[in-house]
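Labels below follow one simple rule: chain letters A, B, ... track the order of the sequence lines, proteins then strands, and each chain is numbered from 1.
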Amino acid sequence: MAAPRTLFDKIWDSHVVERLPDGTAILYIDRHLIHEVTSPQAFEGLRAAGRRVRRPEATLAVADHNVPTSDRRSGIAEAESRIQVETLERNVADFGVPYVPLLDPRQGIVHIIGPELGASLPGMTIVCGDSHTSTHGALGALAFGIGTSEVEHVLATQTLLQKPAKNMLVRIDGRPGPGVTAKDMILAVIGRIGTAGGTGHVIEYAGAAVRALDMAGRMTMCNMSIEAGARAGLVAPDETTFAWIEGRPFAPKGEDFARARSYWQTLPSDPGAAYDREVVLDAAALAPMVSWGTSPEAVVPITGSVPDPALEPDPARRAQMERMLAYMALTPGQKLAGTPVDVVFIGSCTNGRIEDLRAAAAVLDGRRIAPGVRGLVVPGSGLVKRAAEAEGLDEIFRAAGFEWREAGCSMCLGMNEDKLRPGQRCAATSNRNFEGRQGPGGRTHLLSPAMAAAAAVAGRLADVRELA
Amino acid sequence: MQPFTTLSAIAAPLPMANVDTDKIIPARFLKTIARTGLGKHLFAALRYDEAGAERGDFVLNREPWRHAGILIAHENFGCGSSREHAPWALLDFGIRCVIAPDFADIFFNNCFKNGILPIALPRAVCDALMEDARLGANARLTVDLARQVVVRPNGEEIGFAVDPFRKHLLLNGLDDIGQTLEHQAAIDAFEAARSGAVTVPPLPQP
Ligand code: SF4
């Protein structure tokens with residue numbers, strides 16, 4: 001009998017076109033997602049070499065990173081952003097690549113709309129010139145970020161040159177308590193294994209707490225796999241996955257769906273499959289998490305305090321901690337709860353789905369944002385925005401004092417006009433708290449949508465479980 | 001792509017761990033549609049103050065390291081986003097080799113595709129090279145890819161590992177696409193065997 005294989009092994013094996021003598025594989029790519037920031041130089045390369053896009057019908061393009069999230073019917077005012085979007089539009093037209101235009105209601109962050117439209121499906125290999133492509137792994141697809149040279153490589157050949165990754169299992173047992181979400185679980189995982197903990201690995205998330213998550217929660221977890229250094233994240237497809245996919249516009253229909261589903265059911269890891277590394281967490285032991293530093297591994301429970309660099313034995317780590325604390329303007333031993341915030345950002349490919357907006361709105365319903373705090377809600381896609389409006393969530397956000405914006409990456413990376421000013425402190429549902437990520441000199445605290453809403457109401461970092 | 005054979009250059013010490021790609025090139029400089037011209041934004045937040053003036057204490061603003069061709073850093077170099085603007089910015093500045101204890105995966109791959117050689121060496125070795133680098137102009141390092149050695153100013157040779165396929169491409173300045181297209185028949189056959197699979201439906205054309 002064949003050796004038991006992991007979900008990763010199965011997807012990998014079924015996409016190897018050829019194995020080169022040194023162990024590199026030519027890996028076939030089923031779905032290629034494209035956006036305006038990392039693709040212009042790839043199309044330029046194709047043109048220069050006189051190459052075509054091998055399979056436009058496997059490709060989907062959308063502008064998301066630098067688009068304005070205010071009313072954009074009159075176009076993009078900022079010249080460089082406009083040129084990037086116009087370049088994308090010219091490239092997709094010239095090469096016949098399917099494209100979701102900026103004013104289309106389906107426009108949104110590439111990692112939100114891929115699954116939402118049914119373009120990302122279980123068992124696929126999916127790539128995009130963006131590290132958070134790992135998000136799509138929540139469907140049980142092998143999905144990872146690539147650089148622009150690789151974007152060009154996939155456009156020209158529909159393949160990538162890849163070395164197989166190692167398998168890592170992150171098992172989260174038990175049931176999380178109230179206020180503890182998928183975001184808290186993944187922040188806890190990164191806090192445990194570190195930002196290089198997953199390097200060279202693909203992480204499969206398993207265990208009762210993961211199985212109990214809805215698709216939005218699974219996407220939140222897989223999204224941040226890259227923050228743990230992993231190439232990709234995976235969750236085995238199950239009934240939750242199939243029910244979520246059925247009926248999505250680009251997903252298989254009718255009998256095709258039934259056939260696809262029986263194939264998808266063969267994907268989960270075989271009993272006894274071996275992992276190169278295993279990490280186990282107990283969901284019941286977790287509290288809502290918040291980051292204190294400028295690396296996603298610098299997290300503590302909201303009940304905790306800022307760590308003291310003096311207690312860190314490794315000099316390099318101590319120096320990094322000191323630098324982080326200076327940048328974040330925090331002092332060792334300070335309680336995280338109670339730290340005043342200037343801005344609350346709810347959105348991004350980590351937490352910009354309808355379920356995330358519901359979680360934040362549930363906290364904000366009937367409440368007001370604290371005086372002096374700016375709150376932004378940036379839905380992950382136009383469809384998320386419409387769904388939220390149909391449920392009246394926009395009214396709750398507006399009544400609470402939040403800005404209700406158009407879909408895009410926005411203040412997750414501050415490429416458009418949504419930026420922190422130097423020194424501003426932000427409670428953000430996004431995934432990166434690097435120095436200057438949300439704007440030069442801006443200070444980011446990563447947390448869940450419910451915790452972001454609690455911070456908005458309190459005007460300071462707060463434990464959502466204690467909100468009276 | 002420019003071949004990488006032997007590089008003899010000034011090395012700049014950057015004793016920092018987890019240097020992320022936002023630090024190498026902040027997102028606000030990604031609005032370009034070209035590959036070149038990013039060198040002036042390399043490490044922007046570290047190199048320039050709020051008013052845009054050079055910070056005199058940052059290594060790449062000081063002589064002789066403003067002419068560095070090699071960068072030496074600590075663990076997990078290049079973590080964060082997949083932006084190839086990071087190696088483009090390094091290259092445009094003149095850096096063709098980064099030496100660190102380890103690298104983030106995507107950045108590591110992106111380097112090779114742009115003619116930059118990332119070399120992973122144990123932390124203690126990196127620290128020794130960091131000391132060499134601090135000596136500046138009198139202490140050039142030499143990286144000989146064919147022989148897979150870094151030569152210290154004192155003549156000591158330190159061996160390093162490199163993937164043979166990557167080495168071949170770098171030495172000859174070859175790009176991946178041309179290599180892969182030599183396997184076109186295999187790709188055609190794979191695709192033909194999968195055509196019509198319900199699990200990978202084609203997307204509607206524009
Ligand atoms: S929302 Fe943020 S992390 Fe996600 S794709 Fe956009 S910029 Fe990247």
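Within the 4.5 angstrom heavy-atom criterion, no atom of D102(B) approaches chain A. Using a 4.5 Å cut-off between heavy atoms, F103(B) contacts chain A through its backbone alone, with no side-chain atom that close. Using a 4.5 Å cut-off between heavy atoms, A186(B) contacts chain A through both its backbone and its side chain. Both the backbone and the side chain of D256(A) come within contact range of chain B, judged by heavy atoms closer than 4.5 Å. Only the side chain of I226(A) comes within contact range of chain B, judged by heavy atoms closer than 4.5 Å. The part of K23(B) that comes within reach of chain A is its side chain, from C-beta onward, which places non-hydrogen atoms under 4.5 angstrom from that chain. No part of T21(B) comes within reach of chain A, as not one of its non-hydrogen atoms sits under 4.5 angstrom from that chain.
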message: Test salt bridge (charged side-chain N to carboxylate O under 4.0 Å, His left out) on D20(B) and R432(A); report intermediate values, then the result.
response: CA-CA 10 Å; D20(B) 57 71; R432(A) 286 193 175 137; over 6 Å; no
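Counting non-hydrogen atoms of other residues, nucleotides and ligands closer than 6.0 Å to CZ of R317(A) gives a total of 12 or fewer. The 12-atom threshold is exceeded at NZ of K167(B), counting heavy atoms of other residues, nucleotides or ligands nearer than 6.0 Å. For R19(A), the CZ atom is loosely surrounded, since the number of other residues' heavy atoms within 6.0 Å does not exceed 12.
Contact annotation: the side chain of R194(B) approaches that of D30(A) to within less than 4.5 Å [non-hydrogen atoms, C-beta and beyond].
Of the inter-residue distances, the one linking E182(B) atom CD with T157(A) atom OG1 reads 13.0 Å to the nearest 0.5 angstrom. For the atom pair L60(A) CG and L203(B) CG, the distance stands at 5.5 Å (nearest 0.5 Å).
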